[in-house]
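What follows is a single structure, written as structure tokens, with notes after it.
The figures that follow rest on heavy atoms only: side chains count, while hydrogens, waters and symmetry mates do not. The sequence lines fix the lettering, A, B, ..., with proteins before strands; numbering per chain opens at 1.
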There are 2 protein chains.
Amino acid sequence: MIRVLIAEDQSMILGALAALLDMEADIEVIARAGDGKKALALAGEHDPDVVVTDIEMPAMTGLELAGALRGQRAKVIIVTTFARPGYLRRALDAGVRGYLLKDAPAKQLADAIRTVHAGGKVIAPELAAEAWESDDPLSERERQVLRLAGDGMSSGGIADQLHLSEGTVRNYLSEAIGKLGAANRVEAARIARRKGWL
Amino acid sequence: MIRVLIAEDQSMILGALAALLDMEADIEVIARAGDGKKALALAGEHDPDVVVTDIEMPAMTGLELAGALRGQRAKVIIVTTFARPGYLRRALDAGVRGYLLKDAPAKQLADAIRTVHAGGKVIAPELAAEAWESDDPLSERERQVLRLAGDGMSSGGIADQLHLSEGTVRNYLSEAIGKLGAANRVEAARIARRKGWL
DNA sequence: GCCCGCCGATGACAGTTGTCATGCCGGATT
DNA sequence: AATCCGGCATGACAACTGTCATCGGCGGGC
């Protein structure tokens, strides 16, 4: 029996995934969590073989959860909507053993759990290639500024929030726009978000 | 036996929801579709009692699907991530019988299917109140322009795409910004998207 | 017929944004 | 010590954006 913990913030999806896995004879869902923090606590309590987690969750993201579980016995599989190279990169850096997309066929999840439990790795093929060829060129400041700009905040507002001068903020944005080959701040933010860099 | 068709573009979620419903003794998943168009075709073929559909899907959205099924025997339940009043409004206008959030507990889905099949309605409580109090104030042109602006396109680019003059585009944006109480086009686009108006 | 709303346009003006050159500072490298 | 680099700043300039007044056309409601 492979003992699995599932972390996923959308209750209905959590329940559905659990139902899916409970149909497998050799897999047992021993715990469910609605966010990363609860998942971490439950992992300590139940000592699962495999942790299946979403990325975008309240309190603690799946990537943070993977980092916190790093080095422990439980093997982590990320299951997410987002085909973002930056996410995969960060996941692998956090010692994750599997990275699947919710676009993939349902049966792949059980297969991935078995593979990972047996010591293997499973990476969504759409991402395996792209992951290493595009690297985040942004500095931390550029990321901060871009995040806020992408939410519609003006240069002045961003400057206030980050305790910078407005000119500096415009410099960072100009830098980021150049690095990403965008035409303006909004496009730059979109590109960075799509890649998983924000 | 309640005969159900499920439409959902994320394969894994589709499979998981089907597994969840197959556990119910009185519910039978007779068909699955990965987009709205296939769902419409399959609905014609299999004549389901209830159609459970996501909103954001390729080829045809769940809202369009609901519109196309309007007046037919099958009853439609929307299951979506998005708590956007505008979506609920459009869903109700399309004759939908249920609107659930993926945040809701998994067991509510089966309950909703039974309720709807019995002639009832099920609306996510988080949304029931807000739905009617905030109405989309935007004109069709304003929506178009705002969509493109929100994607980072410049006034000139939007003008080219929509065959308008740049000044006119700026006028529409200014209008939209004013109506939504935003500070600029990006914030306006965010507000409109959050409400489900785009 | 008249008014109103939506559509589309122009021109003018102030404010914001994007770019670039240039400068200062402190920490790390050599 | 000299050099380099990232972070932060300034100033200047061109381009883009947001606002407003004004105009004409078209269709619907009263």
Nearest heavy-atom pair of D103(A) and D9(B): which atoms, and what distance?
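It is OD1-O, 4.0 Å.
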For a quick test of reading the model, state the closest non-hydrogen atom pair linking M12(A) to L17(B) and the distance between them.
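It is CG-CD2, 4.3 Å.
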Of [range], the positions that come close to DNA chain D - non-hydrogen atoms, cut-off under 4.0 Å:
range	value
residues 141-157 of chain A	R141(A)
residues 170-178 of chain A	R170(A), N171(A), Y172(A)
residues 181-193 of chain B	N184(B), R185(B)

Check whether Y87(A) forms a cation-pi arrangement with R90(A) (NZ or CZ under 6.0 Å from the six-membered ring centre, at most 45° off the ring normal).
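Judged by the rule, R90(A) and Y87(A) form no cation-pi pair.
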If you measure from [atom1] on [X] to [atom2] on [Y], what distance do you get to the nearest 0.5 Å?
X	Y	atom1	atom2	result
E175(A)	R141(A)	CD	CZ	14.5 Å
T61(A)	E64(A)	OG1	CD	3.5 Å
M57(A)	E8(A)	CE	CD	7.5 Å
I123(B)	I77(B)	CD1	CD1	10.0 Å

Okay, side chain of E24(B), backbone of D26(B): is any donor-acceptor separation there less than 3.5 Å?
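Such a contact is absent between E24(B) side chain and D26(B) backbone.
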Under 3.5 Å: donor-acceptor pair, side chain of R143(A), backbone of L138(A)
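Yes: the side chain of R143(A) pairs with the backbone of L138(A).
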Where does the chain A footprint on DNA chain C start and end, counting 5' to 3' with a 4.0 Å heavy-atom cut-off?
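Both ends considered, the range comes out as dT17(C) to dC20(C).
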Would you say the side-chain atoms of R97(B) and T115(B) include a donor-acceptor pair closer than 3.5 Å?
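Their side chains do not contain a donor-acceptor pair, so the 3.5 Å distance test is not met.
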Can you establish whether the number of heavy atoms outside K179(B) located under 6.0 Å from its atom NZ is more than 12?
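Buried by this count: over 12 neighbours within 6.0 Å.
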Position toward the 5' end of DNA chain C (nearest nucleotide), P137(B) or H163(B)
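It is P137(B) whose nearest nucleotide is closer to the 5' end.
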Between T168(A) and dT10(D), is there a contact of a side-chain N or O with OP1 or OP2 at under 4.0 Å?
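Answer no for this pair, as no side-chain N or O of T168(A) is under 4.0 Å from OP1 or OP2.
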Name all residues meeting the salt bridge (charged side-chain N to carboxylate O under 4.0 Å, His left out) criterion together with D47(A); count only those two or more places apart in sequence or in a different chain, and write none if there are none.
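R73(A).
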Of all residues at least two apart in sequence or in a different chain, which pass the side chain to side chain contact (heavy atoms under 4.5 Å, CB included) check with A182(A)?
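Listed in chain order: I177(A), E187(A), A188(A), I191(A).
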